[in-house]
Amino acid sequence: MSDKARKLFEALDLDENGTLTRAEVIIALRSKGPSLAASGDLPLWALGDEDASSALFDAADQNGDEMLTLDEFAAVVDRRFGWK
């Protein structure tokens, strides 16, 4: 797992409980996405609308429990964003 994936996960974990919900991913990417992209912590092309954020969540939710762990999240973003 890359440091960038861990840092992005922590930025998106709005309630700081160690998991991500679909709502957290959508809200956090909409509110924090531009600043994360500006600081290099998120590829600019990864900024999308609610549907794109929801699709990222679906791709990462490997066990279908509607919660993302750091491992689930990192496996997808590291591959999609070319971080590892």
Side-chain angles (χ1 to χ4, degrees):
M1 160 185 334
S2 71
D3 289 339
K4 284 189 171 195
R6 183 181 305 278
K7 187 173 183 179
L8 180 57
F9 182 90
E10 290 170 358
L12 300 181
D13 187 9
L14 299 176
D15 62 7
E16 299 178 356
N17 71 347
T19 61
L20 298 176
T21 63
R22 181 182 309 275
E24 275 181 306
V25 171
I26 292 168
I27 292 166
L29 283 175
R30 303 282 290 159
S31 64
K32 295 182 174 186
S35 62
L36 290 167
S39 66
D41 295 321
L42 180 70
L44 188 56
W45 59 264
L47 292 177
D49 60 11
E50 184 174 328
D51 290 339
S53 298
S54 189
L56 175 67
F57 182 91
D58 288 337
D61 188 17
Q62 297 171 2
N63 62 5
D65 67 354
E66 293 294 315
M67 301 285 279
L68 298 183
T69 64
L70 175 57
D71 289 336
E72 285 177 313
F73 181 78
V76 169
V77 298
D78 278 341
R79 184 175 62 251
R80 283 197 178 181
F81 300 164
W83 288 344
K84 192 157 185 155

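Among all heavy-atom pairs drawn from Pro34 and Leu29, the shortest one is CD-O, 4.1 Å. Closest approach of Phe73 and Leu20 over heavy atoms only: CD1-CD1, 3.8 Å. Ala28 approaches Ala11 most closely through the heavy-atom pair CB-O, 4.4 Å. Of all non-hydrogen atoms in Ala5 and Val77, the two that sit nearest each other are CB-CG2, 3.7 Å.
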side-chain hydrogen bond (donor to acceptor under 3.5 Å, both in side chains) between Ser53 and Arg30, intermediate numbers included
CA-CA 9 Å; Ser53 298; Arg30 303 282 290 159; over 6 Å; no

Verdict with reasoning, Leu12 to Glu24, per side chain to side chain contact (heavy atoms under 4.5 Å, CB included):
CA-CA 6 Å; Leu12 300 181; Glu24 275 181 306; 5.9 Å; no

Working note: Arg80 + Leu56, criterion side chain to side chain contact (heavy atoms under 4.5 Å, CB included); need CA distance, chi angles, decisive distance, verdict.
CA-CA 10 Å; Arg80 283 197 178 181; Leu56 175 67; 3.8 Å; yes

Given side chain to side chain contact (heavy atoms under 4.5 Å, CB included), test Asp13 with Thr19 step by step and report yes or no.
CA-CA 7 Å; Asp13 187 9; Thr19 61; 5.6 Å; no

When you look at Arg22 and Asp61, which way does the salt bridge (charged side-chain N to carboxylate O under 4.0 Å, His left out) test go after all the steps?
CA-CA 10 Å; Arg22 181 182 309 275; Asp61 188 17; 5.7 Å; no

May I have the step-by-step check of side-chain hydrogen bond (donor to acceptor under 3.5 Å, both in side chains) for Asp71 and Thr69, ending in yes or no?
CA-CA 5 Å; Asp71 289 336; Thr69 64; 5.2 Å; no

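With values rounded to the nearest 0.5 angstrom, Asn17 atom CG is found 5.5 Å from Met67 atom CE. Atom OG in Ser39 sits 11.0 Å away from atom NZ in Lys32 (nearest 0.5 Å). Within the model, atoms NZ of Lys84 and NZ of Lys4 stand 13.5 Å from one another, a figure rounded to the nearest 0.5 Å. Distance check: Arg6 CZ to Trp83 CH2 gives 13.0 Å after rounding to the nearest 0.5 Å. Between Leu47 atom CG and Leu36 atom CG the span is 8.5 Å, to the nearest 0.5 Å.
In this structure, Asp41 contributes its side chain and Leu8 its backbone to no donor-acceptor pair below 3.5 Å.
Placement of Leu14 and Leu42 in two distinct hydrophobic clusters is found when ILVMFWY residues are connected by side-chain heavy-atom separations under 4.5 Å, directly or transitively. Taking hydrophobic clusters as Ile, Leu, Val, Met, Phe, Trp and Tyr residues chained together by side-chain heavy-atom distances below 4.5 Å, Met1 shares a cluster with Phe81. Hydrophobic cluster membership differs between Ile26 and Trp45, with clusters built from Ile, Leu, Val, Met, Phe, Trp and Tyr side chains linked at under 4.5 angstrom. Residues Ile27 and Phe9 are members of separate hydrophobic clusters, defined by side-chain heavy-atom contacts under 4.5 angstrom among Ile, Leu, Val, Met, Phe, Trp and Tyr.
Heavy atoms of other residues, nucleotides or ligands lying less than 6.0 angstrom from CG of Asp65 number more than 12. For CD of Gln62, the number of neighbouring non-hydrogen atoms (other residues, nucleotides, ligands) closer than 6.0 Å is greater than 12.
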